[in-house]
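Note sheet for the following structure.
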Amino acid sequence: MEYNFKEIESNWQKYWATNKTFAAKDGGDKPKYYVLDMFPYPSGAGLHVGHPLGYIASDIVARYKRHKGFNVLHPMGYDSFGLPAEQYAIQTGQHPKITTEQNIARYREQLDKIGFSFDWDREVRTSNPEYYKWTQWIFIQIFNSWYNNSSNKAENISSLITEFEANGNTKVNAVCDEDVKQFTAAEWKAFSEKEQSDILMAYRIAYLGEAYVNWCPQLGTVLANDEIKDGVSERGGYPVERKLMKQWSMRITAYAQRLLDGLDSLDWTESLKEAQRNWIGKSEGTSLKFKVSNSSLITHHSSLHIEVFTTRPDTVFGVSFVTLAPEHELVTSLTTPENKAAVEAYVTQAKNRSERERQADVNKITGVFTGSYVIHPFTGKQVPIWIGDYVLAGYGTGAVMAVPAHDSRDYGFAKHFGLPILEVVAGSANGTLSEVEGSYDAKEGKLINSDFLNGLEVKEAMKKAIAEIENQGLGKGKINYRLRDAVFGRQRYWGEPIPVYYKNDIPYALNENELPLVLPEVDKYLPTEDGEPPLARAASSWKYEGKYDYEHSTMPGWAGSSWYFLRYMDAANGSAFTSKKLTDYWQQVDLYIGGSEHATGHLLYVRFWTKFLKDLGYIAIDEPAKKLINQGMIQGRSNFVYRLSPLFRYSELETDKVNLPVMFVTKSLHDKINTNSLSDFEKNNIKEQSIINFKLLNPSAKEEEIGFLNFKSHALHVDVNIVQNDVLNQAAFMASRDEYKHAIFFTGEIEDYICGHEVEKMSKSKYNVVTPDDIAEKFGSDTLRLYEMFLGPLEQSKPWNTNGITGVHGFLKKLWRLFYSPLQGGAQGAGDVALNISNDEPTKAELKTLHKTIKKIAEDIERFSFNTSISNFMICVNELTDAKCNKRAILEPLLICLSPYAPHITEELWKQLGHNESISTAPFPIHNEEFLVADSVNYPVSFNGKVKFTLELAATLTSQEVEAIVRANEQTIKFLDGKEPKKVIVVPKKIVNMVV
RNA sequence: GCCCAGCUGGCGGAAUGGUAGACGCGCUGGUCUCAAACACCUGUGGGAAACCGUGCCGGUUCGAGUCCGGCGCUGGGUACCA
């Protein structure tokens with residue numbers, strides 16, 4: 001009887017599916033445990049071995065928790081709206097829905113083969129109308145909400161309207177647009193519907209507002225930053241410009257502080273939390289107004305001033321100029337006639353540079369003088385106003401007070417344009433700023449040259465400066481965040497329609513009973529000729545009540561994924577996004593596993609929506625996931641062949657006319673041939689080099705036979721599936737392409753053709769993709785699962801290398817033999833042997849092996865150290881094999897411990913032991929300390945390499961007893977170097993911890 | 001530049017401050033076989049040995065891969081954020 005993994009695995013997969021073994025119950029006595037994977041986008045390429053890594057880890061935890069008596073929710077679904085299917089639709093005309101369904105079918109097939117314990121009854125697909133109906137519903141809730149700073153949460157917009165009707169907006173403390181005008185209750189009532197709508201829009205959390213976006217006119221769409229390379233679109237290479245556009249956005253900035261605070265309560269890695277903190281980018285400072293002094297301008301603008309934001313109010317006396325962003329609204333009015341031409345040229349140039357481009361050459365200092373001045377609020381001196389693109393329009397006020405002595409960017413600008421540098425913090429070593437040193441940015445030192453701040457430490461100076469600024473009404477303490485509102489509209493087809501229609505130019509949200517607003521059919525998936533989104537193509541027939549236009553943008557990719565963890569709790573609910581009862585039961589995700597690339601995207605948005613839904617009372621939790629683990633990426637290991645191509649030919653031999661065959665050299669020859677660059681060839685004797693290279697290829701050739709032909713070679717990816725241990729399967733390679741049919745291989749000293757290799761991203765184009773199907777076919781899914789976990793720590797990135805897989809596969813075979821081999825007379829090959837299980841009492845040594853394993857495995861799983869736990873299984877099975885132990889009392893608990901890792905083989909063997917129930921319902925065994933103490937330990941301890949003593953322990957002691965013995969031995973330890981023994985003792989680490 | 005993570009045999013990697021290198025791969029030698037594959041058993045950080053060994057320098061400690069200070073390198077994130 002052999003370990004026939006193919007039959008075993010397909011049988012058990014069928015069994016689990018028909019019996020719904022892993023369906024979660026919505027309640028009961030057991031404690032709940034929610035294990036979630038980040039759901040995949042079903043791409044056309046299918047899964048490669050890297051994708052299931054996180055799923056295997058979460059499945060192990062899910063299965064383990066079931067054994068431990070938890071009611072486990074472990075669902076899976078698809079993030080099925082997205083760009084690739086749409087791109088494919090544009091090229092082929094095939095509806096993205098069809099592409100997506102095909103891809104999902106393929107994913108499902110692959111996932112099933114690995115033997116995951118997902119509860120498929122709860123599957124969600126973000127592109128299903130039954131699902132996105134509720135994504136739209138949540139959008140409407142957000143649209144109908146405003147953020148009340150007083151209660152510090154989102155509230156329904158009706159409470160705001162009530163307030164407007166009673167008191168106007170003067171007492172409202174809300175997160176809203178900056179330019180909202182003040183009005184009274186009477187004024188509010190007098191506003192037209194359009195005016196009221198516009199005002200409310202400035203308060204809504206989902207709002208239509210102006211935002212700078214990357215606009216590509218040729219493609220007719222907004223592009224995300226990662227779709228732009230060097231200022232042109234990645235696709236097509238068209239120029240991209242920054243454009244102020246009306247866009248749907250979400251006021252995520254209202255939640256900035258709560259998103260920051262919430263991190264403290266989460267069990268996420270520090271690096272991930274830090275990434276979110278940096279992204280939110282809180283900075284505390286103050287706003288400060290500078291009055292414009294030009295007499296010529298003042299006639300038009302009697303109280304013109306520039307407001308800046310600074311985190312260093314203490315350095316206010318060091319201000320030597322003020323810089324505006326090129327987009328700053330006052331640029332035009334502040335420019336004097338003599339500077340007009342230069343400023344306009346500069347602004348136009350800056351406008352045409354994308355933000356990315358601008359960031360690319362940050363070292364290049366550019367700027368222009370406006371000709372105007374502001375008055376320094378404390379010194380009364382004239383301070384010039386400059387324009388510079390190192391100031392960003394979107395952050396703070398779009399204007400900075402430049403203190404070149406204490407800010408490196410201001411310093412660079414001042415140096416470049418010869419502006420004065422005034423030192424106000426004595427911090428540098430000699431107390432004065434030297435020319436070469438650059439700015440002194442540290443927030444340490446005493447203030448100088450600063451009037452009323454002189455002599456104060458930076459921190460005190462900050463407080464005093466802010467107090468004085470507030471006192472004189474020049475500005476006030478302020479907190480700024482780097483986080484921007486999230487742009488929500490996309491000019492795409494394959495996404496959720498935004499459930500809004502326009503009536504008399506006023507946007508209205510649909511009613512709940514009108515959802516879902518189903519994605520309409522279109523003839524083409526491209527934008528219209530006049531730049532409207534693809535949905536505009538359906539507009540003639542797709543109208544609200546047959547006459548009002550719908551919003552033509554769709555939602556971004558992150559919409560559907562921002563709440564899916566809630567839908568799994570109640571996936572079939574037709575009357576609510578999920579019922580309160582079930583969110584109360586399942587609460588937070590207990591363990592969330594996914595890639596770290598979502599650190600500042602998905603993981604921020606899902607936290608935002610969770611907090612929002614809590615504010616409105618729909619759910620009770622504030623954070624989506626308590627514990628989060630980022631699995632590492634599995635990279636591909638690419639192989640290369642090196643093709644020769646002629647570099648120089650000597651016309652004397654007329655080798656030009658020779659029809660050269662396709663030739664390849666091995667890695668080592670490639671390295672030798674290409675050591676010299678082209679210019680070196682020219683410098684040296686080409687003929688000589690040719691001979692050297694030719695001899696490398698053909699050592700036996702005589703000199704006079706050598707044609708004067710020189711070569712270079714270049715690397716080509718070769719399919720890793722026809723390479724084994726870097727040795728090329730030449731026959732398979734020659735058969736792979738017509739061109740290679742008669743290829744010649746130069747292999748040097750050895751016979752095999754050795755390929756080069758490199759670790760790269762796993763991708764089709766690099767021919768380095770290994771699929772889980774290939775592995776399962778050869779070794780089985782249990783082996784695949786074990787091997788992926790055995791590869792190394794879960795959170796670490798690592799290259800895939802199939803070489804070591806025989807180790808874990810051999811382990812499973814060995815386990816199988818514990819049940820089937822007669823366990824005597826040594827190894828028998830394929831000898832047909834029967835199931836051979838004994839009911840004998842296990843020996844103490846066998847029990848020790850088992851209990852040691854139970855303890856370690858449980859600990860390993862609890863700390864997500866799956867690789868070490870597999871090692872511990874191997875040790876266990878090796879010991880049992882050595883002991884020829886085929887006893888039920890040992891093997892039965894062992895199978896339960898192993899079943900989270902290798903569910904198929906353990907189910908099968910469990911059945912062989914006579915159980916009718918699935919192993920997944922068996923309780924996890926409990927280890928017995930009694931068996932864990934060593935029989936006898938000799939443990940040499942040395943101090944300073946001089947004193948040694950040996951600790952000997954009797955058999956079967958508890959850790960307390962061992963500790964007592966060690967304490968009793970205290971006086972035997974003396975130090976030869978005369979030192980007093982401080983704390984004493986050392987105990988064998990495998991028995992007890994250090995005793996203090 | 002800033003932030004984070006890491007650096008241990010030929011390789012992937014183990015080690016609550018307590019015998020560094022568990023476990024696996026690879027490699028040695030052997031058993032089985034006509035032979036190969038499979039399987040099983042041996043050995044395997046370096047060194048003849050004394051000893052030396054966890055990126056480098058220093059510190060704390062009876063004792064450091066582990067803790068502290070500094071440096072170097074690798075990988076990741078992020079960036080004119082005032």
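Order of the sequence lines sets the chain letters (A, B, ...), proteins ahead of strands, with each chain counted from 1. FYI, side chains are in, hydrogens and waters are out, and symmetry mates aren't considered; it's all heavy atoms of this structure. All values derive from a computational prediction rather than experimental measurement.
- When distances run from any side-chain atom of A:Lys813 to the nucleotides B:rU78, B:rC38, B:rA15, the shortest one goes to B:rC38.
- Atom CH2 in A:Trp386 sits roughly 18 Å away from atom C1' in B:rA82 (whole-Å rounding).
- Within a 6.0 Å radius of NZ in A:Lys476, no more than 12 heavy atoms belonging to other residues, nucleotides or ligands are found.
- If you check B:rU78, B:rC80, B:rG77 against the side chain of A:Trp279, the one that comes closest is B:rU78.
- Among residues two or more places apart in sequence or in another chain, the side chain to side chain contact (heavy atoms under 4.5 Å, CB included) test is passed with A:Asn480 by A:Ser283, A:Phe309, A:Tyr395.
- We find that CE of A:Met401 is positioned 21 Å from P of B:rC80, with the value rounded to whole Å.
- Contact annotation for A:Pro793: backbone-only contact, meaning every heavy-atom pair under 4.0 Å involves sugar-phosphate atoms and none involves a base.
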Where does RNA chain B pair, written as one dot-bracket string 5' to 3', with Watson-Crick or G-U pairs under 3.5 Å, ( ) inside the strand, [ ] for crossing pairs and | for another strand? (((((((..(((.....[....)))((.(((.......))).))((....))..(((((..]....))))))))))))....
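- Between A:Asn872 and A:Lys852, the side chains place no donor N or O within less than 3.5 Å of an acceptor N or O (distance only, hydrogens not considered).
- Among pairs with a residue in residues 786-804 of chain A, none fulfils salt bridge (Lys or Arg N to Asp or Glu O under 4.0 Å), at least two apart in sequence or across chains.
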Working for side-chain hydrogen bond (donor to acceptor under 3.5 Å, both in side chains), residues A:Thr849 and A:Glu879: CA-CA 7 Å; A:Thr849 298; A:Glu879 283 176 8; 2.9 Å; yes
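- OP1 or OP2 of B:rC40 sits under 4.0 Å from a side-chain N or O of A:Arg817.
- Regarding A:Asn801, its CG atom lies at a distance of 13 Å from the C1' atom of B:rG13, rounded to whole Å.
- Considering only the side chain of A:Asp882, B:rC41 comes nearest among B:rC41, B:rG13, B:rC4.
- With sequence neighbours left out, A:Tyr901 forms a side chain to side chain contact (heavy atoms under 4.5 Å, CB included) with A:Ile60, A:Leu786, A:Ile861, A:Phe866, A:Ser869, A:Ile870, A:Phe873, A:Leu898.
- Of the candidate nucleotides B:rA82, B:rA15, B:rC81, B:rC81 has the atom nearest to the side chain of A:Arg484.
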Contacts under 3.5 angstrom, residues 313-324 of chain A side chains, donor-acceptor by atom type, not counting sequence neighbours:
{"residue": "A:Asp314", "atom": "OD1", "partner": "A:Arg312", "partner atom": "NE", "Å": "3.2"}
{"residue": "A:Asp314", "atom": "OD2", "partner": "A:Arg312", "partner atom": "NE", "Å": "3.4"}
{"residue": "A:Asp314", "atom": "OD2", "partner": "A:Arg312", "partner atom": "NH2", "Å": "3.1"}
{"residue": "A:Thr315", "atom": "OG1", "partner": "A:Arg312", "partner atom": "O", "Å": "2.8"}
{"residue": "A:Ser320", "atom": "OG", "partner": "A:Pro420", "partner atom": "O", "Å": "2.7"}
{"residue": "A:Thr323", "atom": "OG1", "partner": "A:Tyr390", "partner atom": "OH", "Å": "3.2"}

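- Atom name C1', nucleotides B:rG43 and B:rG30: the rounded distance is 11 Å, in whole Å.
- Rounding to the nearest 0.5 angstrom, the gap separating the CG atom in A:Asp267 from the NZ atom in A:Lys273 is 7.0 Å.
- Residue A:Arg482 places none of its side-chain N or O atoms closer than 4.0 Å to OP1 or OP2 of B:rA82.
- With its glycosidic angle within 90° of 0, B:rG9 adopts the syn conformation.
- Side-chain N/O atoms of A:Tyr390 include none lying less than 4.0 angstrom from OP1 or OP2 on B:rA82.
- To the nearest 0.5 Å, atom OG1 of residue A:Thr806 and atom NZ of residue A:Lys778 are 11.5 Å apart.
- A:Glu859 and A:Lys855 are joined by a salt bridge, as a carboxylate oxygen and a charged side-chain nitrogen come within less than 4.0 angstrom of each other.
- In terms of position along RNA chain B, the nucleotide closest to A:Glu270 lies nearer the 5' end than the nucleotide closest to the other residue of the pair A:Glu270 and A:Gly281.
- In terms of phosphate contacts, A:Gln796 brings no side-chain nitrogen or oxygen within less than 4.0 Å of OP1 or OP2 of B:rG12.
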What N/O pairs connect the protein and nucleotides 21-30 of chain B at under 3.5 Å? Give each pair on its own line.
{"residue": "B:rA22", "atom": "N1", "partner": "A:Ser871", "partner atom": "OG", "Å": "3.4"}
{"residue": "B:rG24", "atom": "OP1", "partner": "A:Asn878", "partner atom": "ND2", "Å": "3.3"}

